[in-house]
There are 2 protein chains.
Amino acid sequence: MGASKLQIHSKRTNDIALIAKVFAHPARVAILEYISKQKDCICSDIVDEIGLSQPTISQHLQVINKAGLLKGNFKGKSLCYCINIKRFQEFQEVFNSFFNKTKFNCC
Amino acid sequence: MGASKLQIHSKRTNDIALIAKVFAHPARVAILEYISKQKDCICSDIVDEIGLSQPTISQHLQVINKAGLLKGNFKGKSLCYCINIKRFQEFQEVFNSFFNKTKFNCC
DNA sequence: AAGTGATATTGCAATATTACAATTATATAT
DNA sequence: ATATATAATTGTAATATTGCAATATCACTT
């Protein structure tokens, strides 16, 4: 096949994997890092900064956006890509809960 | 193309993506969760537990292992898949450092 | 309303990932 | 040494992801 068998896992397990997928590509990590550094909402030069084509960046932004990690003004002249910090913190908490739960060991 | 352009990103950025990839499949999340629950090193029934074929599980274990997240006795009767907690904590720290660095915002 | 600047969408090609059947390798027991 | 149980490897098919050129869309300006 090739498709992940999502139905055999718990929602929590699938959720963790979905969140991880957002960060599983360096371009998306770089985009998030870059956006977070911009203080003045001048975020329209992500393309120049990252070094990938505009459609590719747009595609990655879509993935990030679908995960709920973006907010801001996406239209018109006063464009602004910002990180949805609330959602971002949720992600961090899910990850940390996973990490903390998984530390027990046997040898 | 289809291959990620790794050379345009910093090592740190690529590292974060590589770490995230380990957790970007629910089967691997489930495997890690399952292993961490086993107290007696009897870890040979991951296949039954997860619901994927033995080769598929083996493949996922290889991904987890290549990331340095496994330790234990992989051969013979006294099999034992254990989580390399030290490495696991490293992962958690890298993630948290990324999350914490990326929280600044503009709107 | 036509032009401009910026982002989104579409279509396509290349590579990566996922999954499993068949097989092989390895360690232990008899 | 043979048998058994378990895990790794190989081969193959299907799906997903990545990337970009071409095009379309959208908001604003003049």
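Values below: every heavy atom of this structure, side chains too, minus hydrogens, waters and symmetry copies. In what follows, chains carry the letters A, B, and so on, assigned in the order in which the sequence lines appear, proteins first and then strands, with residues in each chain numbered from 1.
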### Task
May I ask you to list the residues of residues 49-61 of chain A, by number, that have any heavy atom positioned under 4.0 Å from an atom of DNA chain C?
A/Q54, A/P55, A/S58
### Query
In chain order, what residues pass the side-chain contact (heavy atoms from CB on, under 4.5 Å) check against A/E49, with sequence neighbours excluded?
A/Y34
### Message
Going by salt bridge (Lys or Arg N to Asp or Glu O under 4.0 Å), name the residues that satisfy it together with B/E90, two or more places apart in sequence or in a different chain.
### Response
B/R87
### Between D/dA7 (C1') and B/I64 (CD1): distance, integer Å
15 Å
### Task
Check whether the ring centres of A/F98 and B/F23 lie less than 6.0 Å apart, and answer yes or no.
yes
### Listed partners of A/T13 passing side-chain contact (heavy atoms from CB on, under 4.5 Å), at least two apart
A/H9, A/S10, B/P26, B/V29, B/A30, B/E33
### Task
Go through D/dC20, C/dC20, C/dT15 for me and flag the one nearest to the A/K5 side chain.
C/dC20
### Task
Using only side-chain N and O atoms of B/Y81, determine if any of them is under 4.0 Å from OP1 or OP2 of D/dT6.
no
### Query
Tell me, which pairs form a salt bridge (charged side-chain N to carboxylate O under 4.0 Å, His left out) where one or both residues lie in residues 13-29 of chain B, sequence neighbours left out?
B/K11-B/D15
### Message
Under the rule for side-chain contact (heavy atoms from CB on, under 4.5 Å), what residues qualify as partners of A/S53, not counting sequence neighbours?
### Response
A/P55, A/T56
#### Entry: Atom-to-atom span, NZ of A/K66 to C1' of C/dT9 - whole angstrom
12 Å
### Message
Once side-chain contact (heavy atoms from CB on, under 4.5 Å) is applied, do any residues pair with B/Q92, and if so which ones, sequence neighbours excluded?
### Response
A/N96, A/F99, A/N100, A/K103, B/N96
#### Entry: Spacing between A/L6 atom CG and C/dT17 atom P, to the nearest angstrom
17 Å
### Query
For A/K86, which residues count as a salt bridge (Lys or Arg N to Asp or Glu O under 4.0 Å) partner, sequence neighbours excluded?
none
### Query
Taking only N and O in the side chain of A/Q62, is any of them less than 4.0 Å away from OP1 or OP2 of C/dT9?
yes
### Task
Using heavy atoms and a sub-4.0 Å distance, could you list which residues of residues 18-29 of chain A are near DNA chain D? By number, please.
A/K21, A/H25, A/R28
